[in-house]
S.K.: 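I am attaching a structure below and will ask some questions about it afterwards.
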Protein chains: 2
Amino acid sequence: MNRSEAAERLLAAAEKLYYARGIHAVGMDEVRAEAGVSLKMLYQLFPSKEHLVAAYLDARDERWRGRLADHVAANGGSARDRLLAVFDWLGLWFAEPGFRGCAFINAFGELGGSAPLVIAVVRRHKESFRDYLVDLARGLPTADPAGVAAQLLLVAEGAMTACAVIPEPRAAQQAHLAATALLDGALARPVGVPEGAGAGRD
Amino acid sequence: MNRSEAAERLLAAAEKLYYARGIHAVGMDEVRAEAGVSLKMLYQLFPSKEHLVAAYLDARDERWRGRLADHVAANGGSARDRLLAVFDWLGLWFAEPGFRGCAFINAFGELGGSAPLVIAVVRRHKESFRDYLVDLARGLPTADPAGVAAQLLLVAEGAMTACAVIPEPRAAQQAHLAATALLDGALARPVGVPEGAGAGRD
DNA sequence: TAGTGTAGAGAACGTTCGTTCTCGGCAGGG
DNA sequence: CCCTGCCGAGAACGAACGTTCTCTACACTA
């Protein structure tokens with residue numbers, strides 16, 4: 001078998017098993033068996049389990065962000081619509097069979113103490129997602145697109161974890177409502193006025 | 001040593017070690033040593049590691065919600081102020097030395113596949129937190145306090161996980177800003193009007 | 001004082017798992 | 001044909017860990 005084909009099959013097997021059952025719960029031999037690759041080849045390609053896990057997360061990061069960007073590109077018009085399309089897509093993702101939360105948050109919970117390679121991949125993923133939201137928000141007619149993006153990021157992250165712990169389809173709707181409210185609140189404020197002052201208390 | 005004193009010391013040791021380093025990374029013998037309790041006593045009180053973990057999370061749930069409620073009671077006036085005090089407290093919590101995210105989300109990531117006892121405790125904790133927010137939101141002059149609470153819950157969860165992965169003090173401020181915007185958006189809408197219709201797009 | 005139950009200390013056991021080693025086989029080049 | 005090197009299959013190794021067992025000491029009771 002080709003080396004690159006073996007790597008692909010190993011990463012696919014790692015993703016399937018690690019995401020479904022957790023990293024600690026899946027041994028190297030099980031990944032090897034699922035991929036149909038010899039243990040020797042596995043260790044030639046990934047010198048340790050931590051390397052395999054980091055590579056799995058890297059590949060998943062690529063695919064996850066690609067799928068999100070595709071959906072947004074296909075369904076979004078204005079910057080506001082594109083940001084809301086992010087939350088549409090989250091709803092679709094949550095409803096997929098086998099959804100078990102954010103793989104990166106799960107991996108962080110599992111390996112947060114040790115495994116610096118993994119921590120770095122998780123951080124990179126979250127930063128990439130935040131940067132993507134900031135990019136989308138730059139098209140908004142608001143004074144602080146980065147701030148709006150940061151707040152939407154919190155809503156998205158919260159929806160992912162809440163939906164993982166308590167599988168409730170309404171979480172995605174609530175996230176969408178929250179995102180809508182945050183966006184419209186930001187857009188109601190004229191460009192150039194700093195935020196932080198209450199807008200409806202008095 | 002008294003049995004109840006031993007249980008207390010074991011739970012304190014478990015909390016310290018499990019929260020700081022993760023559950024898989026800490027063996028029973030280490031908890032026993034930190035608590036100064038014999039292994040036999042440990043297994044008399046907690047018949048398996050899963051029981052010990054579940055008890056640790058239960059105790060932490062109690063204390064965490066107690067601290068939050070104390071802060072809110074001490075700093076909140078109106079329902080709106082009380083809900084915002086929740087986010088003040090999150091900021092204080094995030095800034096504590098040794099903060100490593102939400103113990104329940106971490107435990108879920110680590111043991112989500114197995115350990116049904118632990119999963120049940122995590123679910124209970126999240127439901128209790130949501131119920132607490134709903135209780136606070138009931139004092140708001142809004143048509144859908146449960147919806148507002150659900151959205152604030154997403155922001156709070158997102159802040160916890162974002163802050164755990166990327167320790168950035170601004171996450172708490174952003175969460176506070178997002179909560180303020182969501183609250184004021186909800187309060188600007190007159191009671192009795194259902195939400196879901198955009199409020200600032202046209 | 002002898003007996004009984006319980007506790008502490010730690011060895012021991014069995015399992016799992018990450019990683020490495022061994023062995024047989026096969027391909028390619030002289 | 002022979003030698004070299006790589007590969008697959010799987011045994012083996014060493015460590016960690018959850019759990020149980022053994023042995024000794026000690027408090028309490030008749």
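The chains referred to below are lettered A, B, ... by the order of the sequence lines, with proteins before strands, and numbering in each begins at 1.
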S.K.: Using whole Å, report how far CZ of Arg32(A) lies from C1' of dA11(D).
M.R.: 13 Å
S.K.: Which nucleotide in the list dG8(C), dA9(D), dT20(D) gets nearest to the side chain of Ser38(A)?
M.R.: dA9(D)
S.K.: Need to verify one output field. Residue with the more 5' nearest nucleotide on DNA chain C, Ala25(A) or Lys40(A)?
M.R.: Ala25(A)
S.K.: For Leu45(B) and dT6(C), what is the distance between atoms CG and C1' respectively, to the nearest whole Å?
M.R.: 14 Å
S.K.: Starting the side chain at C-beta, find the nucleotide from dG8(C), dG18(C), dT20(D) nearest to Met28(A).
M.R.: dG18(C)
S.K.: Indicate, with a heavy-atom threshold strictly under 4.0 Å, whether Val31(B) touches base, sugar-phosphate, or nothing.
M.R.: nothing
S.K.: Could you state the CG-C1' distance from Leu10(A) to dG18(C), rounded to the nearest angstrom?
M.R.: 15 Å
S.K.: Could you check how far CG of Leu42(A) sits from C1' of dC6(D), rounded to whole Å?
M.R.: 17 Å
S.K.: Would you please confirm or rule out a distance under 4.0 Å between OP1 or OP2 of dC7(D) and any side-chain N or O of Gln44(A)?
M.R.: yes
S.K.: Measure from CG on Asp29(B) to C1' on dG10(C) and round the result to the nearest Å.
M.R.: 9 Å
S.K.: Does a donor on one side chain sit under 3.5 Å from an acceptor on the other, for His71(A) and Asp88(A)?
M.R.: no
S.K.: It should be established whether Lys49(B) places a side-chain nitrogen or oxygen under 4.0 Å from OP1 or OP2 of nucleotide dG18(D).
M.R.: yes
S.K.: What is the separation between atom CG on Leu39(A) and atom P on dT19(C), rounded to the nearest whole Å?
M.R.: 10 Å
S.K.: What I'd like to find out is whether the side chain of Val165(B) reaches to under 4.5 Å of the side chain of His125(A), using heavy atoms alone.
M.R.: no
S.K.: Are Tyr18(A) and Val53(A) packed together at the side-chain level, in the sense that at least one heavy-atom pair is separated by less than 4.5 angstrom?
M.R.: yes
S.K.: Taking the side chain as every heavy atom from C-beta outward, state whether Arg80(A) and Pro141(A) have any atom pair closer than 4.5 Å.
M.R.: no
S.K.: Rounded to the Å, how far apart are His51(B) NE2 and dG18(D) C1'?
M.R.: 14 Å
S.K.: Taking C-beta and beyond as the side chain, do Leu11(A) and Arg60(A) meet within less than 4.5 Å on heavy atoms?
M.R.: no
S.K.: Without decimals, in angstroms, what is the distance between His24(A) NE2 and dC17(D) P?
M.R.: 11 Å
